[in-house]
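See structure below.
Basis for what follows: all heavy atoms, side chains included, without hydrogens, waters or symmetry-related copies. Every chain is numbered from 1 and lettered A, B, ... according to where its sequence line falls, protein lines coming before strand lines.
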Amino acid sequence: MNDGKAVMRANLKHFIGAGAFVVVLTVIGVLILNTDRLLPPAAAAQAASIDFLFSVEFKLIAFLFALIIGVMVYSIIFFRRKAGDTDDAVYMPGNARLELAWTLIPLGIVIVLALLGSRALAQTTRIDPQAMEVKVIGQQWTWRFEYPAYDIISTELVLPVNKQALLRLSSVDVIHAFWVPEFRVKQDAIPGGERLLRITPTQLGTYTIMCAELCGRDHAYMNAAVIVKSAQEFDAWVIEQTEAVSDDPLVRGQQLAQQYGCLGCHSTDGTVIIGPSFYQLFGKTESLEGGATVQVDDAYLFEAIRDPGKTIVQGFPNLMQPTTSAGLTDEQINDIIAYIKSLK
Amino acid sequence: MSKKTNFLSLGLVRGVFAMLVGMPLGMGLVTLIRLAVGLPAWNAEPAWVVGGLVGAVAFMIGVGSLSDWFKLAAGGELPEHPAGAVNGWARYFNFTLDHKVIGVQYGVLSLLMFSIAGLFALIFRTELVQTGLQYLNADEFNTLISLHGIVMIMAILLGVAAMSNYLTPLMIGANDMAFPRLNSFAFWINVPSGIFLLSSLFLGGFDTGWTGYPPLSVRAPLGIQMFFLGVYLFGLSSILGALNIIVTVVRLRAPGMTFFRMPIFVWSAFATALISATATQLIALSFQMVMFQRLFGMGFFDPARGGNVLLFQHLFWFYSHPAVYVFVLTGLGTISELLPVFVRKPLFGYRWVAVSSLGIALIGFFVWAHHMFTSGMSEFLRVPFMYSTLLVAVPTGVKFFSWVATMWRGKMSFETPMLFVLGAISIFLVGGLSGPPNAVVATDLHLHDTYFIVGHFHATMFGGFVFPFMAAVYFWFPKVTGRMFNERLGKLHFWLMFPAFFVQSFGQMFIGLFGMRRRIADYDPALGFEQPNWLITIAGMVIALSVLIFFINLVYSTKRGPVAVANPWRSRSPEWLLPSPIPEHNYPQPLEIVGEPYDYGLVGSVFVRIPSTAVIEEPVK
Amino acid sequence: MTSNTVSESYAHRLATNRLGLWLFLLSDAFMFGGLFITRVYLWGDTRPELNQTLGLIVTSMLLISSFFMNRAETAMAHGDRKGFLRGTLVTIVLGIAFLAGVIGVEWQIAPFGVSEDAYGAVFFMMTGMHAFHVLTGVIFLLIVWNNARRGRYSVEKHWAVEAAAVYWHFVDVVWIFFYPALYLIGKVG
Amino acid sequence: MLAQFLRRFLFLTAISLMVVWVVSELAYRLIQGDTARPPKTIELVIPLGTAERIAAGEPPLEIPSEMIFVVGDTLLVVNQDRVEHTLGPVWVPAGSSASLRLDTANDYVYTCSFQPSQLQNITVKQSANWKSRLAALWYGTPPTVMFLLVYSLVMFPLKKKEALSSKRKTQT
Ligand code: HEA
Ligand code: HEA
Ligand code: CUA
Ligand SMILES: [Cu+2]
């Protein structure tokens, strides 16, 4: 076996050359991967610690990439076989000390990275006891936001700036995920339990909430707006919303059908999205799975909304979940029925 | 013994016929049972599932894969080494015991599946060039990405099996696998599997992605049952094939071949097999549970009935994470195997590289939950999984550093296989280095389910499987066919594929960081992703073009290529001692291993000796 | 180590087969392990109300069958074909009785349906998958029994017998984990 | 050889346990902040005059805004006010006290009569109890053992039985 040191001394020139190459590549890499340019603008307090971690990781990546590729390209250039040379190269089967070094140093990096990661995770989940609560309910393929403190239901998420929002995420059907790229953090909304996400918006503006977990056909379109307002504007919005409740059941019904995502599956113009259209639904004779027919009246509609699994319309899959309408009171269902009736 | 080959003498044809008979039989059976217990006679789901299972068994009977076992069960004796019943090209379409034929069968099926899945990718990529939906509707799009994913994964598993089947017995000096019949069974079961996977396209497709998370998969169209069936069967194939590899490596090594004298490829095949043989059960179980929830209404994943949707993810990823190391380890083994040959230097730190494979495989069992960082696991549990995931980087790093040290001061030459090896190293490096940002929980909160992940895994899979597989095909092509491939076309293939791949992968990572989600049929024009998406698609097409060139090269060279010299790469590995193509029972005499496998440059060193014949030394210069 | 001539010897072949079988069982154990985890995950420290007497009866039948299987195998190793046939037959009968107990009785009297809740799902899945293995074991034993009756095995060469026996014991061991998981652990919920 | 292997396995398991314990403890400190402590009883005093202040729309005095607890904590509400107060399920007559055990990690919002919003946020976090520590060891140790084990095979190869016995022979 060759003595590793002797080999090293003999190759000082190559080491310096390759080393310089690696340094240059690293610098170029760091310049290219400069985080500001690779991520959307940050708009939440949680993004800060994540972006810091990104910048650390990108620098590490730039260095490691340069290290391997640099030496490799150097070898390709300087250690190529000359034409006609059929001899083997120097016999260099290994060096335990080197191997140990490149096992232990990465191990150290890994542990440091894990600890940095834990700290950043802690910062993103830091609790503000005064946080404003919002229930976020995902359903194929809409979002609904409920503000328990103000009794508001909305299809857009409106948040006051610089105040932590505690989002309680849940889903009525399949798994969805709440994500706003500018806020960085992401959390699945799963059926059968609430999951928490904390966001402290720091920039005014309108962003897009995207559903980040494949949830069926219109997953790509499962977006909603998140509007970050100043404290005063937010208060104004709250007042506007609470006063906006109409006393016309028809209007309320339409709003509810919008908010509860009914219109995501039921059209109002006769086309079939997923379920039967609401258009001219009332009064018609519906044939049900299993052969029965039924005259669509108030009682039937109420039943079909409250407990959709009970009667399945012929030719449609049993996709509408009882959880869809679980949040609706009886009056609210009647409002929706009033709305359906109006669609003639 | 060679019979006249007619159409029906091809096992494949008989199998397909049998399957066509078996499926309606199974369906009829279900219908009869349903009638008997008083249910409505026709229900598509159970009919297709049972029909499929019966069809698969019928296929295996038709191929002739079960005949020997039936004979054995009826009390017959089996010859240990029956002469091949069929010769010539027809062997490749029949039940056979020869591991080399089976290896080629795997390889060809792998490339076929690869092309089909690649074609799917090109179709949905074309859709993504512009915002809005032009050619596909959302359901078709979702079906295509899901099928692209799973068929590619099947292609990888087949490709891995191809390499390890063909090479492992040769490299350890064995004449065949430990269980040749099982080996053949494990191959042929893939054919109905592939048929099922693709048939889901015509049964409504499925819109769940390859991961098939419930409750979405519970609500998906009928096609998903065919997807489950397909995965079930190729999972079975994986398990049986892997078991065979382990036994072969443990029991059939030539005298003198200790574990630390095995060619490095065998190490990685062994490590891979350890994963496949055990973890695969869990994906089968998780899919079976969804299947049963659909068929019998069992409430595993229905929270309203005490089920839990996260359970599925735990079971699924317990397989599917280790599976990604199944995808790469043989590829990395190939890199380690070929590099010394083209550098003419020993593999630096052979033992470290060897146990690194084992390390990756074993650590890989304990990291699955990193796919679930945002799914709502308990908060603190994410930390140990972050740590264990990052730990995998260390043995992978050992491999990289050792490769680079192997190149250092070598005498590198750049034939096509070597180009693919170097390409593989650089691409896998990109893929690997994009792993830690995913593994660190805080940054994964941003990256999860974005195109960054898509970029990450295409880089790892291209670098860890596609490129090494192509390197392997070029490298062992003369061994398999006895002819050389066309070097020019090979280089053209590489120089098209390599840059195109970087464009594709970096493009994906770039838009992912900026907020492009995975698995979306359409994206918001305001985000400004049209141009990068257009580039990615073009890159994908260039890759496809290069693959087409590859196929042309293979087909042409198999027929017309110049006859290869015995050991064109001057490799020390034992299979190069044999004539090409290799005779049916590999080694005429048992080998004797007398040295280290990679002692290039050590004067007078010998790895393999065939006793009683001349010592086979370094080929004459 | 091995040479190719050795690799054709029966003893070598046998050791190879053994390794293969044990690996297969290891693999299968992962599946059963997955089921066990499912039970822990979904049931936690509760369990359904099941018929304890029946549970005890079927469990003892399976355990006793393992004893007879062992006797049968020993008989074969000593060239006692009659003894082997007798022992195997008892094993088969007990195995079928176990199946009848679990599927024929327990499934019918279980206080929940398949599709009712997580109790039903897990219970039927665990017992079902196990019963499936018992069934294959019974078929395997029948084949071995039939071949033994026709004198296909000898004292030296009876790998199929050994394999069937090991497989049977394995299925038995799995039940030793499943029985408490289903019948004993946790509060009745 | 097997005995040798097992001995090494146990030894490395011990080392890994230690390594993982150190790493996870550090991570835990970072994540949990002030909740890395055993459960205890915490007093919440409702001072005299709170009801009037609420009626006047002013925030109450001396009621801590940080209401973060650890699983197993007991919240003791001491009412020094002249009127009765409620906090979620707890009813505290004037001048008396009542306690609330916080057994499940969750974020609670209890209705209460001593905050202007009538709501009190209470967050109960999993403490660094032995259960979660054990979980960390449980998930972190196996990979570490595997890691050390495979590399130990290179650094310190297992000795073959023949080698061992031949050594013994030469010694005697
Ligand atoms: C061939 C397949 C393959 C391979 C080898 C890997 C390797 C790795 N993967 Fe990847 N991964 C996939 C295929 C693969 N992955 C797939 C298919 C998915 C998506 C599945 C889906 O959802 O559909 C995925 C998703 C995925 C996720 C989930 C992301 C998400 O959905 O949110 C994570 C998170 O941790 C991850 C991490 C890693 C890590 C840390 C490695 C490591 O093994 C990488 C190690 C390598 C290196 C780090 C580079 C070389 C090392 C050095 C130079 C040494 C020094 C380095 C350091 C000290 C850091 N991968
Ligand atoms: C080995 C694995 C592998 C390979 C090689 C590829 C190759 C490609 N992949 Fe794939 N991909 C996956 C595995 C792979 N993929 C997986 C697992 C997923 C996840 C799925 C999911 O989310 O569930 C995925 C998802 C995925 C996405 C994300 C979809 C989404 O989330 O919306 C995209 C998008 O760009 C993509 C693109 C491509 C492209 C352009 C190629 C190109 O490189 C393809 C190049 C083309 C070919 C290789 C075909 C060439 C052959 C011919 C043209 C010859 C035809 C001739 C005959 C038929 C004889 N893939
Ligand atoms: Cu909801 Cu995707
Ligand atoms: Cu993974």
Output yes when a side-chain donor or acceptor of [X] lies under 3.5 Å from a complementary backbone atom of [Y], and no otherwise.
X: B:R519; Y: A:L214; value: no
X: A:K186; Y: B:H448; value: yes
X: A:D88; Y: B:L602; value: no

Counting heavy-atom pairs closer than 4.5 Å to chain B, which one of [options] comes out on top?
options: A:E182, A:E57, A:Q140; result: A:E57
options: A:T208, A:I68, A:D51, A:I61; result: A:I68
options: A:M222, A:K82, A:R80; result: A:R80

Identify the heavy atoms of A:C211 and B:R517 that sit nearest to each other, and give their distance.
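Closest approach of A:C211 to B:R517: O-NH1, 2.7 Å.
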Where does [X] contact chain A at under 4.5 Å (heavy atoms): side chain, backbone, both or neither?
X: B:F414; answer: side chain
X: B:L310; answer: side chain
X: B:L433; answer: both

So for [X], is it side chain, backbone, both, or neither that comes closer than 4.5 Å to the heavy atoms of chain B?
X: A:L67; result: side chain
X: A:F183; result: neither
X: A:W102; result: both
X: A:R81; result: both

How are the rings of A:H14 and B:W408 set to each other: parallel, tilted or perpendicular (split at 30° and 60°)?
perpendicular
Any side-chain heavy atom of A:T103 within less than 4.5 Å of one from B:F401?
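Not touching, per the 4.5 Å side-chain cut-off.
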Taking the side chain as C-beta and beyond, is there a heavy-atom pair between A:L113 and B:P436 under 4.5 Å?
yes
